[in-house]
Amino acid sequence: MLSYPFSRTTQNSQPSIPNFKASYQVLPPMKIKLVTWNVNSIRTRVDLIARFVEAEKPDIFCLQEIKCTNDQFPHQAVSEMGFGHTEIQGQKAYHGVATLSKVPLKRLDCHDFDGTGQARHLAVEIGIGTRTKKPVVLHNFYVPAGGDVADEDENPKFKCKMTYLREMEKHFTKIAKKDADHHKILVGDLNIAPLETDVWSHKQLLKVVSHTPVEVEALGKVQQSYNWLDMMRHHIPPEERLYSWWSYRSKDWRKNNRGRRLDHIWLSPTMKPASQALKVYETARDWTRPSDHAPVIAELDLDLV
DNA sequence: ATGCCATCTTCTAGATGA
């Protein structure tokens, strides 16, 4: 009998599947725990990542700001966490995204939406194609922060951020016609907190990059371009305050609670029935030498799509 | 309405984050 490399009880076994197509012979679990976490340096945070994986046992783990080249990536440690499938889009010192998985992944593409050559996007197909009626494509994003001044003429970084968002919108508008029969998931640090309840003070952050009306409008257009469902707000009412990032500069982040919801999980409309549960894992923000972002955890039941 | 912290590297200073 073939070993079953993807079950949660044997998660530490190494996958014996040589390639993506062959992996379709094996039936992976259809209840997928998906996590997105801006770790702010994977090399600094590798122990905390292991601690999180031990506690929450994600099946698919999207990381942003890995801040390393592909060569510097801690392959051994990630493999020991049980992720037999890893796709990395790294660069030196800054940015960088990676998608870790216990089920097979097929690397699709990495778009350079703002034309800077920075590593901010990675798309993969999740290897569960024979069990779902359609392919499942997963986009992992790290949208540019945009600097301090919310003016495209005065601040080149803000211009890059806005360009990035406009190009994302174009991309998904185009894809919406071409790939309408695909399931899609978009996660990552989008660096925009769109709702009033996504920031600690709507009024005081209106001119602060991450919550300015022009950014919120641009993100709204990206969302509309593929009719994306905001899974976090699907589970947590928009009236309720919800954050995923707290500045390092606060002495007591929990007491001050001056957070922002910069991290997102979006689903294509076809995936809405799969959306089972959602939480922000704030506990990780309390750990020693934490990331300033908390992991966001989604549970998806792909048997329902 | 900041805070003043944390990451990286041409490394003890400056760029970057948001």
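Reminder, nothing fancy here: chain letters follow the sequence lines and each chain counts from 1.
In this structure, CG in A:Asp263 is found 6.0 Å from OG1 in A:Thr36, a value given to the nearest 0.5 Å. Rounded to the nearest 0.5 Å, atoms OG (A:Ser101) and CG (A:Leu138) are 8.5 Å apart.
Of the side-chain N and O atoms in A:His293, none sit less than 4.0 angstrom from OP1 or OP2 of B:dG17. Remark: A:Lys157 is in phosphate contact with B:dT16, judged by side-chain N or O atoms under 4.0 Å from OP1 or OP2. For the pair A:Asn40 and B:dT7, the criterion of a side-chain N or O lying under 4.0 Å from OP1 or OP2 is not met. Within the structure, every side-chain polar atom (N or O) of A:Ser247 is placed at least 4.0 Å from both OP1 and OP2 of B:dA6. Proximity of A:Arg289 to the phosphate of B:dC5: no side-chain N or O atom is located under 4.0 Å from OP1 or OP2. Within the structure, every side-chain polar atom (N or O) of A:Lys67 is placed at least 4.0 Å from both OP1 and OP2 of B:dT9. Neither OP1 nor OP2 of B:dC8 sits under 4.0 Å from any side-chain N or O of A:Lys92.
When A:Trp266, A:Phe172, A:Phe113 are each tested for a ring-ring contact (aromatic ring centres under 6.0 Å, His included) with A:His139, only one passes: A:Phe172.
Here B:dC8 presents its C1' atom at 12 Å from OH of A:Tyr142, a figure rounded to the nearest Å. Between the P atom of B:dA6 and the CH2 atom of A:Trp287 lies a distance of 18 Å, rounded to the nearest Å. Note: CZ (A:Arg261) to C1' (B:dA18) measures 16 Å, nearest angstrom. In this structure, A:Tyr94 places its OH atom 12 Å from P of B:dA18, rounding to the nearest Å. Look at CZ on A:Arg249: it is 6 Å from C1' on B:dC4, rounded to the nearest Å. The interatomic distance linking A:Asp292 (CG) with B:dC8 (C1') rounds to 14 Å, in whole Å. Atom NZ of A:Lys161 and atom P of B:dA18 are 8 Å apart (whole Å). To the nearest angstrom, P of B:dT9 lies 11 Å from CD of A:Gln91.
Among the heavy atoms of the strands, none lies under 4.0 Å from A:Asp252. In this structure, A:Trp200 reaches the bases: a heavy-atom distance under 4.0 Å links it to at least one base atom across the strands shown.
Atom C1' of B:dT9 sits at a distance of 25 Å from the matching atom of B:dG3, rounded to the whole Å. Using atom P as the reference point in both B:dA18 and B:dG14, the two lie 22 Å apart (nearest Å). Between B:dT16 and B:dC4, the distance separating the two P atoms is 23 Å to the nearest Å. Nucleotides B:dT10 and B:dC5 are separated by 24 Å at their C1' atoms, to the nearest Å. Spacing of P atoms, B:dT2 relative to B:dT7, comes out at 24 Å, to the nearest Å.
Scanning all heavy atoms of the two residues, the minimum distance from A:Leu195 to A:His211 falls at O-CE1, 3.3 Å.
Mapping A:Arg43 and A:Leu262 onto DNA chain B by nearest heavy atom places A:Arg43 at the nucleotide closer to the 5' end. Residue order along DNA chain B, read from the 5' end via each residue's closest nucleotide, puts A:Ile42 first among A:Val209 and A:Ile42.
By the 30° and 60° cut-offs, the orientation of the rings of A:His121 relative to A:His171 is perpendicular.
Judged by the 6.0 Å distance and 45° axis criteria, A:Lys67 is not positioned over the aromatic ring of A:Tyr94.
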